[in-house]
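To keep things clear, I will list the structure first and then write my remarks on it.
Numbered from 1 within each chain, the chains take letters A, B, ... in sequence-line order.
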Amino acid sequence: MRTVTIADVARHAGVAVSTVSYVLSGKRAISATTRQRVLDSVRVLGYHPNAGARALASKRANVIALVLPLRAGMNLPVLMQFATSVVATARQYDHDVLLMTADEGPDGIRRVAASAMVDGLLLMDVEVRDTRVPLLRDLAEPSVLIGFPADAEGLTCVDLDFHRAGAICAAHLAERGHREIALLGAPGVVYERGTGFAERTRAGFLAEATERDLHAVAVPCAETYDEVASAVKLLFDAHPGLTGVVVHNEAAVGHVLGALRALGRAVPEDVSVVAICPDDIAERARLTSVLIPAEELGREAVRLLMAKLDGLPAGSILLEPRLTIRESTR
DNA sequence: ACTACGCAGCCAATGACATC
DNA sequence: GATGTCATTGGCTGCGTAGT
């Protein structure tokens, strides 16, 4: 059976092709009776617009690219929260999402953008010196970054204010009377790569600790139980007076708690723990935490990209972190 | 003023035909 | 036979306008 085109709908409804187009796009007023006749024909014939033809005529693909590197040390559940939120929000703006991983490198981004396959790009896991950033400046298509590169001039970026997040955690522990605190961060490779959020959390944490005259250390943290356990043991061997720990590593949170238990240190009686992680993880373990608002970040990123597609100015956004106090700190 | 129509144009792929 | 030129094709959008 031949696919149904807009011409079939027009014939069936007894109107012009352009009238059908206007009914469907809503860009011009069409009388209620004509409108209903067209919509009935659409339903009866089972018409769906041809995306290729629509892109040809409108110069809009109604597709955005989500560039997601899937590098070592990334936390997949959090990444999926972002991706889900991006796809759902894009649908609200009548856009679909093309998922790109990093295997193809900058060439892949260039190819997809230059071929008019997508109208705009969303980049996740942006590094401080991201090689993709210079490319984005040259591209005709608008883009939004989730994460901040070193030089964000002329770019639209969205992120949680991780510097503040690190500081808030240190401040909370200080207010609860802790004098010696530690940050267990992302895996080492993440710092070596220059991923902004990891570095900024550490900087904010250490700066706030210095400000409040605390003794503070920050160490990277792997994700298998054995590695976490030995890191935690080393930490307490080196700093026996440690009573406050901030964990900025979703995958390691559970292991850190297990390792503390194994060392005979009770939470929160002996050690207070603050996590920077999605709410569901913190909720499950009743941890005091700063939420990573993946859902909101994805939504805001799409919103900004859509604004840019409409030619509107779109400034960068830093979301203010919020601390939720649960049972793991005292 | 309002409604709906006609038609040019969007761009890459393909076919028809001419030239080397 | 390979190569070049040009018109046509596809589904849809949106400007300009005819008919009330």
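Distances shorter than 4.0 Å separate none of the side-chain N or O atoms of S18(A) from OP1 or OP2 on dG14(C).
Within the structure, every pair that satisfies the side chain to side chain donor-acceptor pair (under 3.5 Å) test and touches residues 120-130 of chain A, not counting sequence neighbours, is listed here: R71(A)-D125(A), R71(A)-E127(A), E127(A)-R193(A), D130(A)-R132(A).
Applying the salt bridge (Lys or Arg N to Asp or Glu O under 4.0 Å) criterion to R110(A), with sequence neighbours excluded, gives D107(A). Under the side chain to side chain donor-acceptor pair (under 3.5 Å) criterion, S85(A) pairs with no residue, sequence neighbours left out. For the side chain to side chain donor-acceptor pair (under 3.5 Å) test, residues two or more places apart in sequence or in another chain that qualify with Q36(A) are D40(A). The side chain to side chain donor-acceptor pair (under 3.5 Å) test applied to S143(A) returns no partner, not counting sequence neighbours. Y225(A) is linked by a ring pair (Phe, Tyr, Trp, His ring centres under 6.0 Å) to H255(A), counting only residues two or more places apart in sequence or in another chain.
Protein chain A touches strand DNA chain B; the 5'-most and 3'-most nucleotides with an atom under 4.0 angstrom of its non-hydrogen atoms are dT3(B) to dC11(B).
Residue F148(A) is found in a hydrophobic cluster whose other members, listed by chain and number, are L318(A); membership requires side-chain heavy atoms under 4.5 Å apart, directly or through intermediates.
Counting any heavy atom pair closer than 4.0 Å across all strands shown, T34(A) reaches sugar-phosphate atoms only and no base atom. In this structure, A29(A) reaches the sugar-phosphate backbone alone: every heavy-atom distance under 4.0 Å involves primed, P, OP1 or OP2 atoms, never a base. Note on V17(A): a base of the nucleic acid sits closer than 4.0 angstrom, heavy atoms only.
Put simply, CG on L121(A) and NZ on K308(A) are 10.5 Å apart, with the number rounded to the nearest 0.5 Å.
A heavy atom lying under 4.0 Å from DNA chain B marks the following residues of residues 56-64 of chain A, by number: L56(A), A57(A), K59(A).
To the nearest angstrom, C1' of dG10(C) lies 16 Å from CZ of R54(A).
At its two ends the helix from dA1(B)-dT20(C) to dC20(B)-dG1(C) runs along axes set 40° apart, each axis drawn from five pairs and the angle rounded to 10°.
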R261(A) and D270(A): salt bridge (Lys or Arg N to Asp or Glu O under 4.0 Å), yes or no, with the steps? CA-CA 10 Å; R261(A) 214 175 300 125; D270(A) 304 323; over 6 Å; no
Less than 3.5 Å apart, which donor and acceptor atoms pair up between the side chains of residues 227-237 of chain A and the rest of the protein, not counting sequence neighbours?
from, atom 1, to, atom 2, distance (Å)
E227(A), OE1, T224(A), OG1, 2.6
S230(A), OG, D226(A), O, 3.4
S230(A), OG, E227(A), O, 3.1
K233(A), NZ, D237(A), OD2, 3.1

If you restrict it to nitrogen or oxygen atoms, what contacts under 3.5 Å exist between nucleotides 16-20 of chain C and the protein, and what is each distance?
from, atom 1, to, atom 2, distance (Å)
dG16(C), N7, R28(A), NH2, 3.4
dG16(C), O6, R28(A), NH1, 2.5
dG16(C), O6, R28(A), NH2, 3.3

